[in-house]
Amino acid sequence: MDSTHLLSFWWILTTFFFSRLTSSKVANLVVFAFLTFAATAAVGGYELAAEDQDSQTNALLVWKASLDKQSQTSLSSWTTDTNPCMWGGILCDDSNSVSTINVNSFGLKGTLHGLNFSSFPKLLSLDISNNSFNGTIPHQIGNLANLRYLLFRSNQLFGSIPATIGMLTNLVQLNMSVNSLSGTIPSIRSLRNLELLSLHDNNLSGHIPNELGELHALTSIILSNNILFGPIPPSIGNLANLTKLLLVNNTISGSIPSTLGNLTKLTMMSMAMNMLSGSIPNALGNLVNLKALVLAVNNLTGPIPSNFGNLTKLNFLVLHMNKLDGRLPPAMNNFTNFESLQLSSNSFTGPLPQQICLGGLLRRFAANNNFFSGPIPISLKNCSSLERVNVAGNSLTGNITDAFGVYPKLFFAELSNNNFYGHISPNWAKCPSLTSLGISNNKLSGVIPAELGQAPKLQALNLSSNCLTGKIPRELCNLSSLFKLSLSNNKLSGNIPIEIGSLMGLENLELAANKLSGSIPTQVGGLRNLVHLNLSKNKFMEGVPSELSQLQYLQDLDLSRNLLNGQIPAALGKLQRLERLNLSHNNLYGIIPSGFKDMISLTYVDISNNQLEGPIPNNRAFLMAPFDALKNNKGLCGNVSGLVVCPEMTSHNPRGLKKRRVVMLTLSLTLGAFVLMVFVVGVSLCICYRSARKSEKQATEEQSQEQFSIWSHNGKIKFEDIIAATEEFDDKYTIGVGGTGAVYKAKLKTGQVVAVKKLQAGIDREMLNLKAFTSEVRALTELKHRHIVKLHGFCSHSRFTFLVYEFLEGGSLDKVLSNDKHAMMFDWNKRVNIVKGVADALYYMHHGCSPPIVHRDISSKNILLDFEFEARISDFGTAKILNPDSHNLTSFAGTYGYAAPELAYTMEVNEKCDVFSFGVLCLETIMGKHPGDLISSLFSSSAMHAAASNLLLKDVLDERLPQPVMPIAEEVILIAKLAFACLNESPSFRPTMEQVYNEFVMPKSPLVDDPFPIITLKQLLLK
């Protein structure tokens, strides 16, 4: 109805009035004046309301136009053809003024600067949560004088919170959490009606304002995951209506104010991961409505106050990683409704509360690394809700044969380092979710129940340091997911089951200090993922299996104190990752294989108390070994303290003369091969030449193969074989195309399948091809590593120039990830191993080669996989040998999307270029796709950074796989954390590959809780 209609309505009323005039002229005039005034006011008021509505309509449409196109589509109902009160997300009051703008989860992207706040004087609620708004918060927001609800949660806003927020005196809820806001919390002492203050998951710094204690309407203060420091204001104790106080993960220091004991309505208090000190105030015992108290990871001292028995509603008590001590309050024996009780890593003494699961709610119980004594809580036996229990590292006692029941949800049980006795219950095998069981260092007796082999998901089994007897059940070899088996320091006897070769995922096998006998099964050599192998202090006989040389991940090998005889297999020299070798106290004889000198990772060796003779290898581990690690052998010699110097070979000794001739021949052949290699690399002349004498040719071939992994220097037959096998490089044999040439699959007459990389021809590319060819030959002949593709041969010919590699059945990583079927078979364990393999190879290239080698083109297309998904770095056509005494300048080389950003403006190459590319590769492997968009959003600008950093890690992982669970989830988190560190824009702040490698191999304490479901990218970026 417009003003014309209103005037017509007034005229009708006036006419009706005059038709019924009374005798009282005064009364009639009064009524007439009133009607005239009312009509005028109505018309004016309507015109004012209409003007306001037009202003609000225009303001909303201008804001809509400032957003991106997708956002405008989401706001399709916002048009000039309809009343704004009918628009999606808009509500109006009785006067048709906009009272609510609620675009929560509309998928909008843009800023708030396009919205004219002054156009909404009656706005009561503004909710833009769960969108992608970026930029700063305009200070004009203070014009919304009537605003009650200001909800900006989960966006990409940055900058400081404007001081004008303090002008919104009617505000009831202020929620700006999960953004990237910085600066200090502004003065909000005027917000006397404020009930909710939520600013968590930002970058806010400074002190918690003392004036919060003046806002008596507050019911929730949530400031977690910021950078706040200083003490907790005691004035917060004045907030009698407060029910929730969350200050987790800041740098808050000082003691917990006793005034917090006044907050009798409080149901949740969490101050974990700060720097709080002092004791827990007795006053907290007054918080009788408290359901969750979380004070973990601080520096709190003293006992739990005795009056905590008043907190009968507690469901969550989380105090781990403090310096608390004393006995638990006796009243805690009456607590029956715990869902989570976390007491680990303190100095508590006395017994554990017995009825903690009487209410049937307990999911997580951790009391490890304290001084508790007495029995396991009796209520745990029938605690079907239990998911995780850890009581390791105490002085608990009792017979645990029947102390535990069957738990449908239990995935982690750790009872090690206590004084438990009794037998191992077969019930553990009936826990369908159990992944880790540890009962080491107790007093268990009896046999290992064969039923354990039926635990469907068991990954780690540690029963070491007990008094177990009998044989190792062959049924344990059915545990296909097992990666750690530790049975050391028991009284087990018999042979190692030959079925152990089926445990393909095993990384740690520890059977030391038992009474095991027989020979070491050759099947152990099939455990390709083994990192630690300890079979020491047993009664193993016969020789050391040469099959152990297949354990290319092996870092620690201990076969000491057995009855082993025979010679040390020369093949063990292939264990390039081996760091510790102990063969002492056996009956080994003969010389130490010369190949041991090439074990670049070896740092510790003990070969004492054997029958070994001859020179020790020219290897740092042997040369630096103490005499005790070499003593009591038959005739070892070498330039080491305690050993005699090896005698020089003389012509008077026929045996010595023979050895000398062999050595001279070897040196001659080696020198010849080296000169020939320099000749190839330097001038790229044809290596395919004919030899005059067949015997010299064979000797040269054999020596060349040993030194350089090159098939033949004659090359004619091999050249013809390659030409025939590829039908002169017909396209149908092509399996890949790179920047410098195509790769072909060739099946030779011998039946062997190889990959042949033919460099591109063409006059304009001649120098590029020659450079790539010589670079790759040089790099690959200097690299010998299990995760670097093996070069079989090469040839530079007037017709073709090519290199011959081992053929890898799995193809390249990028093709596996792009194929849904293959990607689903590429599970988390395999992906983690791929990343570790590449890290290992780069560590070797950067720190194990002299001079170091930079690949310069680490990308998923250059990571090849074998049929077991083991990684090999390939394509060294861009590799650069670094001269440590000069700057290393180069033109751009690499793959866009993987190359370090500094290569866009500098030509200097160093190892940090590979580190950046490795970071991209890490993310690509766990995300299942190239992470270009994510990297851009994390490192391009503050706004984009905020959006990405608020994502949960689980939401960016490859959705074709199920979410990883512990313990592999912990590895995925580590890979993501290292990836972000490697992607730092500043090369100096990126880690070295040595640091990355050490992160993977360093032992880690198991996490108290699984953080995977809730960990954000922001948390990984800050670590």
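All values derive from a computational prediction rather than experimental measurement.
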Applying side chain to side chain contact (heavy atoms under 4.5 Å, CB included), run through Leu196 and Leu174 and close with a yes or a no. CA-CA 6 Å; Leu196 168 69; Leu174 173 59; over 6 Å; no
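- Side-chain contact between Phe133 and Asn179 is absent, with no heavy-atom pair separated by less than 4.5 Å.
- Separation of atoms CE (Met332) and CG (Leu343) is listed at 6.0 Å; rounding is to 0.5 Å.
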Given the rule in the side chain to side chain contact (heavy atoms under 4.5 Å, CB included) test, do Ile973 and Leu953 qualify, once you have shown the distances and angles that lead to the verdict? CA-CA 8 Å; Ile973 292 171; Leu953 174 60; 4.0 Å; yes
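- The closest side-chain donor-acceptor pair between Asn370 and Asn346, if any, does not fall under 3.5 angstrom.
- With rounding to the nearest 0.5 Å, the separation of CD in Gln173 from CG in Leu151 is 6.0 Å.
- Trp63 contributes a side-chain N or O that, together with a main-chain N or O of Thr111, makes up a donor-acceptor pair within less than 3.5 Å.
- With no hydrogens or angles considered, no side-chain donor-acceptor pair links His207 and Thr184 at under 3.5 Å.
- Looking only at distances, no side-chain donor or acceptor of Asn203 sits under 3.5 Å from a matching main-chain atom of Leu181.
- The main-chain N or O of Leu124 is never found under 3.5 Å from a side-chain atom of Ser99 such that the two would form a donor-acceptor pair.
- Put simply, the side chain of Thr57 never gets that close to the backbone of Pro84: no donor and acceptor are under 3.5 Å apart.
- Residues Phe158 and Thr136 are in side-chain contact: their nearest non-hydrogen atoms beyond the backbone lie under 4.5 Å apart.
- For the pair Val294/Val248, no side-chain contact is recorded, criterion being any heavy-atom separation below 4.5 Å from C-beta on.
- Shortest non-hydrogen contact noted between Asn322 and Val297 is ND2-N, 3.9 Å.
- Test Leu293, Asn337, Leu287 against Leu314 for side chain to side chain contact (heavy atoms under 4.5 Å, CB included) and you get one pass: Leu293.
- Here the side chains of Gln56 and Pro121 are in contact, with some heavy-atom distance below 4.5 Å.
- Counting heavy atoms from C-beta outward, Leu218 and Leu197 have side chains that approach closer than 4.5 Å.
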Disulfide bond (SG atoms under 2.5 Å apart) assessment of Cys85 paired with Cys92: CA-CA 5 Å; Cys85 299; Cys92 297; 2.1 Å; yes
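- Of the possible polar contacts, none joining the Arg148 side chain to the Val172 backbone as a donor-acceptor pair under 3.5 Å is found.
- Leu311 places none of its side-chain heavy atoms less than 4.5 Å from the side chain of Leu317.
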Side chain to side chain contact (heavy atoms under 4.5 Å, CB included) between Met321 and Met273: does it pass, once the steps are laid out? CA-CA 9 Å; Met321 295 184 70; Met273 302 173 67; over 6 Å; no
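- His139 NE2: 12 or fewer foreign heavy atoms inside a 6.0 Å radius.
- Panel note: side chain Asn131, backbone Phe106; a donor-acceptor pair is recorded below 3.5 Å.
- Checked by atom type, the side-chain pair Asn249/Asn225 shows a donor-acceptor distance below 3.5 Å.
- Between the side chain of Asn116 and the main chain of Val62, no donor-acceptor pair closer than 3.5 Å is present.
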Output, in order, the C-alpha distance, side-chain angles, deciding distance and verdict of side chain to side chain donor-acceptor pair (under 3.5 Å) for Asn130 and Asn104. CA-CA 6 Å; Asn130 301 300; Asn104 189 324; 3.0 Å; yes
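- Taking all atoms of both residues into account, the shortest heavy-atom contact from Lys122 to Asn146 is CA-ND2, 4.2 Å.
- The two residues Leu276 and Asn298 make their nearest non-hydrogen contact at N-OD1, 3.0 Å.
- Proximity of a side-chain donor or acceptor of Asn289 to a complementary backbone N or O of Leu266 within less than 3.5 Å is not detected.
- Residues Pro209 and Pro233 come closest through the heavy atom pair O-CG, 3.9 Å.
- For the atom pair NZ (Lys109) and OG (Ser74), the distance works out to 12.5 Å, reported to the nearest 0.5 Å.
- More than 12 heavy atoms of other shown residues, nucleotides or ligands fall within 6.0 angstrom of atom NZ in Lys64.
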Would Leu199 and Ile161 count as a side chain to side chain contact (heavy atoms under 4.5 Å, CB included) here? Give the steps. CA-CA 10 Å; Leu199 302 175; Ile161 300 173; 4.0 Å; yes
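- Scanning both residues, Met927 and Val956, for their nearest heavy atoms gives CG-O, 3.2 Å.
- Once rounded to the nearest 0.5 Å, the distance linking CG of Leu171 with CD1 of Ile165 reads 7.0 Å.
- When only modelled atom types and interatomic distance are considered, Asn241 and Lys265 share a side-chain donor-acceptor pair under 3.5 Å.
- Using a 4.5 Å heavy-atom cutoff, the side chains of Leu60 and Leu75 are not in contact.
- Atom CD1 in Ile221 sits 11.0 Å away from atom OG in Ser198 (nearest 0.5 Å).
- Side chain to side chain, Asn262 and Thr259 fail the donor-acceptor criterion of an N or O pair below 3.5 Å.
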May I have the step-by-step check of side chain to side chain donor-acceptor pair (under 3.5 Å) for Ser71 and Asp68, ending in yes or no? CA-CA 5 Å; Ser71 302; Asp68 71 355; 2.4 Å; yes
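- Remark: side-chain polar atoms of Asp201 are not paired, donor with acceptor, to backbone N or O of Ser177 under 3.5 angstrom.
- Rounding to the nearest 0.5 Å gives a distance of 10.0 Å between CG of Leu212 and CG of Leu245.
- Minimum interatomic distance between Val288 and Lys313 (heavy atoms only, all atoms of both residues): O-CD, 3.7 Å.
- Between Phe120 and Asn143 there is no side-chain heavy-atom pair separated by less than 4.5 Å.
- A side-chain donor-acceptor contact under 3.5 Å links Glu211 and Ser187.
- In this structure, the side chain of Thr164 does not engage the main chain of Gln140 through any donor-acceptor pair within 3.5 Å.
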